[in-house]
Amino acid sequence: MIMKGQKINDRYQIIKSIGEGGMANVYLAYDTILDRNVAVKVLRGDLASDEKFVRRFQREALSASSLAHPNIVEVYDVGEDNGSYYMVMEYIEGKHLKNLIKKRGKLTLSEVIDIMSQICDGLAVAHDSYIIHRDIKPQNIMILDSGLVKITDFGIAMALNSTQLTQTNSVMGSVHYLPPEQASGKGSTMQSDIYSMGILMYELLTGTLPFRGENAVEIALKQLKEPIPNLKEKLPDIPNSIVNIVKKSTAKNPKNRYNDAREMLNDIKTAMDDSRAGEKIVEFAFPEVEEIDRQAALKKAAKENTEAKKAPVKEETVVMSKKVTEDEVKKENKLLLALGAVFTGIVVLVTAICVVLPQVTSVGNVKVPDVSEMDEVKAEEILIEEGLRINQEIKETPSDTIPVGQVVKTDPAAGRTVKEGTEVTIYVSSGPNALTLEDYTGQNYIEVKAKLESLYSINIKVESKDVDNPADYKAAEIIGQFPLPGEKVLEGGTLILYYPNIEERYPDFTTGDYTLTEIEEFAKKYSLKLNTKYVVTNDVPAGTIIAQSRQPNTPISPGVSFTISISQEPLDEEPIGGEGETNE
């Protein structure tokens, strides 16, 4: 177990764990010599104890370290430290493409073309050096916030080529992208990477995988036999040029695929050109699956049998048939007895099958295993091993303790006893509970600030921002925000609201001919809390503004209180009884 603060090879100081998988654990580490953060993958489990695999891993990882391309994660170092075999790579602050697919579902066509162009561009450099990745899948593709795509795990993928089907934790994640030739146990070529990229492109376009199954074997069989579903059924408006790229890259027969990633890249680059607008759906030059026409063979055999029966019987055959001796009759009787015994045995066997087998094969009960804090692929593999089915829709739920993408819970919950074959829904962490920001532009920042602070434990700052035409804005109008709409603010995080820097100042309401209505409109415009105070006076006419709480020519600050004093006539006080009245 690698601990925080531990040094690998007396150089790479572990900062924290950033991922776990069936083949390796990944750590963020600090390179004390080159003063930079790196990602360190440490082999785990039976792979580290397999000398043949370790030698292959070291050789292939060193080969991968020779690749230099913006779309390939750079491998810096490969080595061994106290029995731990590791690979040091460029540290990428981004997300796996699988996380993007789960969050967004299908992507836009322009996004897919951009992502696939970058992947093909990186693989083209590898294929030029005769290096095959062998495990292209979205879990091995990183995407940065800038949109830059990085291909990872070259060394591990190449080393796993000979042992992949024995690594149950890796095959469940890879089998969805597994080329037919690898599924049938044949060797990999550059066209094997092409097939995996075609499956990935289909997933990016539709948000779903083309082949699903309850276990790895079932999916692998579909990769061998079933053609990829027609894209037009899911995306009727998709250009034929894109359909052809997916169809050609996922051909079962490698002869029908692109020769390498560079050829596929060139096709993707021109896919949206006007010259390809009326492109026809491609027809393969070579058969996809070589099969013997069994129906034709059966018809031929039946015909030969019929002709044999119709052939004339020779006289010598008739004579020979009459020469049946007593011994032959006895032999025939013995044969009948033997056949009778066999028939009786079959009856007994069938009876046993009908009565006993249903009891033996009846659906049993299983306890749902606890797969929390595992990655989705490993969780699926464990649940399937227990005889449970997986809901194709993976759901997200917030968690303050479990990293994004790892399993939080299942439904039915861990520990519950259910029937074999029960469908289980997996819930993965979407990260800590957070506020997904709306677009607050145009709203009053005082109202937005008060509302958000009453509902969420976040910090809200208000800052002024210069604008070109101050007259076009209201004083408390939100003209921008950070983070942007659609992004999230975690508990304790900060949201900044920007309002226009308008240097408006208070007028002198005590001079001039201002009415109460005009002052109310002024207060509303600048989001002031207007208070009115009536003062009895004999000096000025009633309704005159005689004082204001904010001095004239001082800057206006939205949201503050503003009081005006208005003159009021004295109340009439008449003597009791009135003038000229008498009391009797």
Side-chain angles (χ1 to χ4, degrees), residues 145 433-571:
D145 291 339
N433 195 16
L435 164 65
T436 301
L437 297 177
E438 300 175 11
D439 186 354
Y440 301 112
T441 54
Q443 299 184 46
N444 186 300
Y445 78 72
I446 300 168
E447 296 175 358
V448 171
K449 184 174 185 292
K451 179 182 177 182
L452 295 180
E453 286 180 338
S454 66
L455 296 174
Y456 303 97
S457 298
I458 62 174
N459 302 313
I460 300 179
K461 293 183 178 180
V462 179
E463 297 181 5
S464 64
K465 192 174 185 180
D466 292 335
V467 291
D468 293 333
N469 299 305
D472 295 339
Y473 301 92
K474 297 178 181 179
E477 179 182 353
I478 299 173
I479 60 172
Q481 64 188 75
F482 182 81
L484 299 174
E487 297 185 6
K488 296 182 178 182
V489 176
L490 301 178
E491 185 174 343
T494 300
L495 167 65
I496 303 175
L497 301 175
Y498 297 99
Y499 67 91
N501 185 12
I502 302 174
E503 282 294 329
E504 294 284 352
R505 297 176 181 273
Y506 288 96
D508 188 351
F509 291 110
T510 63
T511 61
D513 196 18
Y514 289 97
T515 65
L516 178 58
T517 301
E518 289 173 335
I519 297 173
E520 287 174 341
E521 290 177 355
F522 170 85
K524 183 177 180 181
K525 178 181 178 180
Y526 295 105
S527 303
L528 304 176
K529 298 175 182 178
L530 180 62
N531 300 311
T532 55
K533 181 180 179 183
Y534 288 90
V535 179
V536 176
T537 178
N538 294 317
D539 299 334
V540 294
T544 302
I545 310 300
I546 59 175
Q548 62 189 64
S549 62
R550 303 287 173 176
Q551 292 300 315
N553 206 35
T554 56
I556 299 171
S557 297
V560 302
S561 295
F562 177 55
T563 304
I564 59 170
S565 299
I566 305 174
S567 66
Q568 178 182 346
E569 293 181 353
L571 296 174

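Keep in mind the model is a prediction, meaning the values are calculated, not measured.
Ser464 places no side-chain N or O within donor-acceptor distance of the main-chain N or O of Tyr499, the cut-off being under 3.5 Å. With hydrogens and angles disregarded, a donor-acceptor distance shorter than 3.5 Å links the side chain of Ser567 to the backbone of Pro541.
Taken from CG in Leu495 to CZ in Phe482, the straight-line distance is 10.0 Å, to the nearest 0.5 Å. For the atom pair Ile519 CD1 and Ile545 CD1, the distance stands at 3.5 Å (nearest 0.5 Å). Here the straight-line distance linking atom OH of Tyr526 with atom CD1 of Ile556 works out to 4.5 Å at 0.5 Å rounding. Taking CG of Asn459 as the reference point, atom CD of Glu453 lies at 8.5 Å (rounded to 0.5 Å). Distance CD1/Ile496 to CD1/Ile460: 11.5 Å, rounded to 0.5 Å. Here NZ of Lys461 is found 9.5 Å from OH of Tyr498. Values are rounded to the nearest 0.5 Å.
A salt bridge does not link Glu447 to Lys451: none of the charged nitrogens lies less than 4.0 Å from a carboxylate oxygen.
Residues Lys488 and Thr436 meet the side-chain proximity criterion, which asks for heavy atoms closer than 4.5 Å. Val560 has its side chain within reach of Leu528: a pair of non-hydrogen atoms, C-beta onward, lies under 4.5 Å apart. Two residues are said to be in side-chain contact when any heavy atoms from C-beta on lie closer than 4.5 Å; Asp439 and Gln481 meet this criterion. You'll find the side chain of Ile564 stays beyond 4.5 Å of the side chain of Tyr514, heavy atoms only.
Classified by interplanar angle (parallel below 30°, tilted 30° to 60°, perpendicular above 60°), the ring pair Phe509/Phe522 is perpendicular.
The stretch residues 537-554 participates, sequence neighbours left out, in no side-chain hydrogen bond (donor to acceptor under 3.5 Å, both in side chains) pair at all. Sorted by first and then second residue, the side-chain hydrogen bond (donor to acceptor under 3.5 Å, both in side chains) pairs involving residues 467-477 (not counting sequence neighbours) form an empty list.
Residue Leu452 comes nearest to Leu435 through the heavy atom pair CD2-CD2, 4.3 Å, listed as atom of the first residue, atom of the second, then distance. When every heavy atom of Ile479 is checked against every heavy atom of Thr441, the shortest pair comes out as C-CG2, 4.0 Å. Closest of all the heavy-atom pairs between Pro555 and Tyr506 is O-CE1, 3.6 Å.
Dense packing is recorded around CD of Glu463, with more than 12 heavy atoms of other residues, nucleotides or ligands lying under 6.0 Å away.
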